[in-house]
Amino acid sequence: MTYTPAEVKDLAPVRDAAVLRARQQPDLRDVFLCHAWDDRRGAAKELCDLLEAEGVSAWFSEKDILLGQPFMRQDRRAGRC
């Protein structure tokens, strides 16, 4: 996708606001990766790896919830449920 110079100018405040918000809340991610339990070590992990290789930060239960932590509490803390 490409943007015209006018579109880039129009989008600058949106980008600046997103950058400022990210600096204020460093644990924010670009995407929340929701997946079936059976996919957590296969397709979902592959997708997460591909996203991160492209510079997209992803909240992914397999790496963001430590062993012994209640899943639902962490999911709600991430602002998803």
Measuring only between side-chain heavy atoms, which start at C-beta, is Phe60 closer than 4.5 Å to Arg29?
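No, every pair of side-chain atoms sits at 4.5 Å or beyond.
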Which atom of Tyr3 lies closest to which atom of Leu11, heavy atoms considered
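Shortest heavy-atom contact: CE2-CD1, 3.7 Å.
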Nearest 0.5 Å please: distance from the NE2 atom of His35 over to the CZ atom of Arg40.
8.5 Å
Validation: residues 44-53 side-chain donor-acceptor distances under 3.5 Å, sequence neighbours left out:
residue	atom	partner	partner atom	Å
Lys45	NZ	Asp49	OD2	2.8
Glu52	OE2	Lys63	NZ	3.1

Is it the case that atom CD in Glu54 sees more than 12 heavy atoms from other parts of the structure closer than 6.0 Å?
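Incorrect, the count does not exceed 12.
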